[in-house]
Structures are given as structure tokens and as C-alpha cells.
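The structure under discussion appears below in the form of C-alpha cells.
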Amino acid sequence: FLAAALLPTLVFRLSLRPWHEIASFEELYADSAALVLLAVLFAGLVGWMIWMTLRDFSNGSSCTLLSLPGKRGQLFWSKAAAYAGAALMLLAGVIAGILLSYSLFLLWKDQLARRMAADYTLDAGLWLGITRSPLFRLLLPATLPEVCSSLLLLLTLPVWGCYTGWRIAGRRWVRGGVLSVLT
């Protein structure tokens, strides 16, 4: 959560320069390297999920877990649910980072306006930024179909990470692990 909230905000702040022309928040956010950092954070989360699944199989705890009463599918879905919680925490950190970046954008815009003796007031700037940017619409959906697709995409990451880890740990490299990673 903290990494997703603070690192993209820091990268966004470092990309703001005093000689920039005034631009919209979503344009400046897209021009900064924060998007690449967000992609790295999500890829790191999926890598962590695969590593945790492989770790459970390598130290023998999977035999203990599989000997518990219940079906094997329940073990898979319990791990996937825990990973979904981690993905939701990362998403919450990303949203907090966007809000922090917007407050830094407002401070930068105010300093730029004072320096140039101009009035750069903008009403509903964050709302307009969210509605105009495809990335922000993916992270903060506004309509029911967008909410469903974003939630499905977010929940696909933990299921995919858990499935890939199980396939690799089961030594099904070609049929499972490698093909799962490639897709």
C-alpha cells in the first residue's frame, strides 16, 4: 500500500518542472514515469503471488495443507482470496497515490500561476481527469459495466498468479506453467 501510494507520487513530483506550461492533471500524470512504476508494482504483485505459491509447495507445507479435511479446490480458492486482498490493497494504494499526486499538482499549478501572474483556476479538475483518462477510468470506474470489467480484471490477477504457481510447482511446465506465463 505504501509503495503504491508514495513511489508513483514521488515520481510524479519529480517530473513536475517549473518551466512546464500549464497542462491537465491526466496529461502530466501520463507523461511522468508513474505509469511504468504502476505496471512494475502490479507485475511484482503477481510475481510475489507465484513465489508464495511455489514456496508453499517447496517446504512441504502443501502436504499438510492438502491433508486437511476438504477439497483441494478450497485450498486454491482460499489462497486466491488472500491474494485478491493483496491486489485490493495495492489498488487502494494506487488510488491514494493518485489523490496525493493531484494535491501536488494543485500546489505546482498555484506556484506556476503566481510566477506567471495568471489565473489558472480549474473547477472539478480531479473529476475531469478521472473521466478523460483511460487509466484513471480503469482504476476508478464510473459506470456499472466499467466497475464489472475493472473488478474482473483485478480478480483475474490473483487467480492467474495462484494457478501459475500451482502448475509450475506440479512440474507441469509446458502444459501449465510456461503457457500460463506466456498468456
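Values below: every heavy atom of this structure, side chains too, minus hydrogens, waters and symmetry copies. Bear in mind that the values here come from a model prediction, so they are computed numbers and not experimental data. Positions are given from 1, in the same order as the sequence printed here.
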What's the spacing between [X] [atom1] and [Y] [atom2] if we round to 0.5 Å?
X: E27; Y: S133; atom1: CD; atom2: OG; value: 10.0 Å
X: I95; Y: I130; atom1: CD1; atom2: CD1; value: 8.5 Å
X: L45; Y: L90; atom1: CG; atom2: CG; value: 5.5 Å
X: K79; Y: M52; atom1: NZ; atom2: CE; value: 6.0 Å

Taking all heavy atoms of [X] and all of [Y], pick out the closest pair and write down the distance.
X: L157; Y: M49; value: O-SD, 3.9 Å
X: V159; Y: A80; value: CG2-CB, 4.3 Å
X: P8; Y: A3; value: CD-O, 3.4 Å

Does the ring center of Y102 lie less than 6.0 Å from the ring center of F12?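 Centroid separation for Y102 and F12: 6.0 Å or greater.
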Starting from [Y], can I reach [X] by hopping between I/L/V/M/F/W/Y residues whose side chains sit under 4.5 Å apart?
X: V11; Y: L104; value: no
X: L155; Y: F42; value: no
X: L99; Y: L41; value: yes

Hey, are the side chains of F25 and I98 touching, using non-hydrogen atoms and a 4.5 Å cut-off? yes
With a 4.5 Å heavy-atom cut-off, do L2 and L7 have their side chains touching? no
Output, in order, the C-alpha distance, side-chain angles, deciding distance and verdict of side-chain contact (heavy atoms from CB on, under 4.5 Å) for L10 and L6. CA-CA 6 Å; L10 179 66; L6 297 178; over 6 Å; no
Flag, side chain of [X] to backbone of [Y], donor-acceptor distance under 3.5 Å:
X: S149; Y: E146; value: yes
X: S150; Y: L139; value: no
X: S32; Y: Y29; value: yes

Taking atom types as modelled and ignoring hydrogens, do the side chains of Y83 and T53 form a donor-acceptor contact shorter than 3.5 angstrom? yes
For the pair C162 and W77, evaluate side-chain contact (heavy atoms from CB on, under 4.5 Å) and give the outcome as yes or no after the intermediate values. CA-CA 9 Å; C162 193; W77 289 112; over 6 Å; no
